[in-house]
Amino acid sequence: MNRTLRLPRADGTVTPYTLTGSRAVTAPSGPIRSRVAFAAVHVVADPLAAINPTLEVALDWEATLAYRRYLWSLGLAVAEAMDTSQRGMGFDWETAKELIKRAVTEAKSVPGAVLASGAGTDHLEPGPRVALADVEAAYEEQCTWIERCGGRIILMASRALAAAARSPDDYVKVYGRILSQVREPVIIHWLGEMFDPALAGYWGSPSLDRATETLLAIVGEHASRIDGVKISLLDQRREIAMRRRFPRGVRMYTGDDFDYPTTIRGDGEGASDALLGIFDVVAPAAAAALKALDTGDFARYEAILGPTLPLARHVFGAPTRFYKTGVVFAAYLNGHQSHFRLVGGMESGRSVVHLAEQFVLMDRAGLLVDPERAAERMRRVLAVAGVD
């Protein structure tokens with residue numbers, strides 16, 4: 001097969017690119033032991049459903065669950081129904097309920113599978129009449145559903161709370177109420193405004209320093225009910241500084257898709273675990289690198305994970321909230337789904353130029369499982385965009 005494609009570039013040209021021919025990264029079998037490593041996972045839309053894709057949701061359930069089985073087979077944990085699955089960007093709570101129920105059932109059938117699911121308030125529309133009690137009730141509804149299914153909770157940031165809160169004390173009140181009721185320790189998720197502009201000023205202040213102190217106060221007061229905190233601020237120094245101040249037993253789950261290798265490797269004072277959307281894209285490399293870390297082979301860890309960073313920084317480039325398009329595009333290139341369609345029609349969230357560069361970066365990082373299939377699928381996407 002011809003291993004050279006004509007790819008559109010940012011300068012308006014279309015230039016040839018020849019695949020590297022490098023072997024795809026593979027991970028040895030077995031669990032990951034030295035870190036807890038969640039991949040925040042996408043959903044597979046049903047492209048043949050007779051719906052209005054911008055207003056309604058239909059999933060390909062088998063393909064969606066098959067991808068979770070794939071991640072578990074690598075030893076990765078699965079973070080379900082979070083922002084990677086387009087919560088708040090076309091994926092509604094009613095469908096998320098069914099997804100969580102099915103995923104928990106699936107996890108129980110897979111030995112060693114680890115699963116946690118996102119609880120938020122996305123079924124509550126923010127507005128001037130929304131009170132803190134409404135936010136609490138919305139959180140309670142979603143947490144109750146996850147616990148009733150037998151799942152673990154990731155407590156996601158709330159647009160409704162961001163709109164209704166008037167001070168840091170309001171966050172302390174709401175989170176304190178929810179944490180006092182959970183059956184098992186939860187993961188708290190601080191999602192920065194680069195991922196969701198509606199979450200600007202979360203924790204009651206536009207100052208990240210003040211917001212950090214509010215979150216640390218909540219963690220300190222409720223440490224026994226918190227497994228860890230996922231920080232998605234793309235700010236490595238802040239993450240490490242917070243990690244060093246956590247009570248003993250509370251994990252830092254890095255959500256920094258720009259600088260994860262160093263925070264996961266750690267330093268003399270500790271290391272971060274992981275809950276990353278990019279681990280959906282780079283799953284084989286993530287699993288292989290972490291298993292090298294398990295054996296103390298730091299050189300191999302860095303050799304595998306380092307080349308994924310340019311890809312991650314591209315996929316999560318501004319506007320960051322559209323990274324989901326790149327996640328699903330990677331799954332399409334690698335044959336995990338038969339089409340490149342997203343919930344809400346979000347396959348149009350990135351330009352064909354952006355996708356072409358992602359293809360190149362995946363090839364260079366050894367993340368095209370079957371390069372010939374990936375090249376053919378890339379050609380199909382280019383043809384739709386008018387590139388012959």
Side-chain angles (χ1 to χ4, degrees), residues 3-5 7-10 15-28 32 35 37-42 67 70-71 73-76 84 234 236 254-265 274 276-293 297-317 320 322-337 340 350 352-379 381-382:
R3 301 177 70 85
T4 299
L5 297 81
L7 300 179
R9 299 301 190 183
T15 59
Y17 174 77
T18 301
L19 291 163
T20 62
S22 58
R23 181 179 295 181
V25 176
T26 58
I32 296 166
R35 301 288 186 273
F38 282 94
V41 66
H42 73 284
Y67 197 72
Y70 165 69
L71 293 174
S73 76
L74 296 173
L76 293 168
T84 306
L234 305 181
Q236 185 183 57
T254 185
D256 186 351
D257 300 279
F258 282 3
D259 290 298
Y260 48 90
T262 49
T263 47
I264 294 171
R265 174 172 175 166
L276 289 160
I278 195 60
F279 274 14
D280 184 308
V281 177
V282 305
L290 288 167
K291 289 172 183 178
L293 193 62
D297 190 343
F298 297 107
R300 179 162 173 74
Y301 167 82
E302 291 173 355
I304 295 171
L305 213 53
T308 70
L309 264 181
L311 170 65
R313 291 171 178 172
H314 179 73
V315 170
F316 283 80
T320 301
F322 294 112
Y323 77 88
K324 294 92 170 174
T325 303
V327 172
V328 175
F329 184 59
Y332 168 65
L333 290 180
N334 279 328
H336 293 291
Q337 53 194 84
F340 177 44
R350 294 294 198 186
V352 71
V353 173
H354 181 98
L355 298 177
E357 180 64 13
Q358 178 177 334
F359 174 83
V360 170
L361 293 172
M362 289 180 67
D363 179 45
R364 291 174 177 170
L367 288 167
L368 296 179
V369 175
D370 181 338
E372 292 187 356
R373 176 181 58 199
E376 175 56 30
R377 291 189 168 199
M378 184 74 241
R379 287 189 178 95
V381 172
L382 292 171

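Numbering of residues begins at 1 and proceeds along the displayed sequence.
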**Student:** Measuring only between side-chain heavy atoms, which start at C-beta, is Tyr260 closer than 4.5 Å to Leu305?
**Tutor:** yes

**Student:** Quick check: do Leu311 and Val282 have side-chain heavy atoms less than 4.5 Å from each other?
**Tutor:**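 They are in side-chain contact.
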
**Student:** Check whether Phe298 forms a cation-pi arrangement with Arg265 (NZ or CZ under 6.0 Å from the six-membered ring centre, at most 45° off the ring normal).
**Tutor:**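 Positive - Arg265 is close enough to the ring of Phe298 and near enough to its axis.
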
**Student:** Quick check: do Ile264 and Tyr301 have side-chain heavy atoms less than 4.5 Å from each other?
**Tutor:** yes

**Student:** Could you report the tightest heavy-atom contact between Thr84 and Lys324, atom names first, then the distance?
**Tutor:**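 Closest pair (atom of Thr84, atom of Lys324, distance): O-CG, 3.6 Å.
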
**Student:** Out of the candidates Asp256, Thr254, Leu76, only one should pair with Leu276 under the side chain to side chain contact (heavy atoms under 4.5 Å, CB included) rule; please name it.
**Tutor:** Thr254

**Student:** What is the distance from atom CD of Gln358 to atom OH of Tyr323, rounded to the nearest 0.5 Å?
**Tutor:**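 Those atoms lie 13.0 Å apart.
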
**Student:** Contact between His314 and Met362 at the side-chain level, heavy atoms closer than 4.5 Å - yes or no?
**Tutor:**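 No, too far: nothing below the 4.5 Å cut-off.
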
**Student:** Looking just at side-chain N and O atoms, do Asp280 and Tyr67 make a donor-acceptor pair shorter than 3.5 Å?
**Tutor:** yes

**Student:** If the plane angle is over 60° it's perpendicular, under 30° parallel, otherwise tilted; pick one for Tyr17 and Phe359.
**Tutor:** perpendicular

**Student:** Can you confirm if the aromatic rings of Phe279 and Phe38 lie within a centre distance of less than 6.0 Å?
**Tutor:**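 When the ring centroids of Phe38 and Phe279 are compared, they turn out to be at least 6.0 Å apart.
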
**Student:** Would you kindly say whether Thr18 and Arg3 are connected by a side-chain donor-acceptor distance under 3.5 Å?
**Tutor:**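 No.
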
**Student:** Just by distance, with hydrogens left out, do Thr263 and Gln236 show a side-chain donor and acceptor under 3.5 Å apart?
**Tutor:**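 Gln236 and Thr263 do not have a side-chain donor-acceptor pair below 3.5 Å.
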
**Student:** Taking Asp259 first and then Arg313, would you say they form a salt bridge - that is, a charged N and a carboxylate O separated by under 4.0 Å?
**Tutor:**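 Looking at Arg313 together with Asp259, the answer is yes, because their closest N to O distance falls below 4.0 Å.
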
**Student:** Could you report the tightest heavy-atom contact between Met378 and Leu7, atom names first, then the distance?
**Tutor:** CG-CD2, 4.3 Å

**Student:** Please tell me if the side chains of Val25 and Thr308 come closer than 4.5 Å, counting only heavy atoms from C-beta onward.
**Tutor:** no

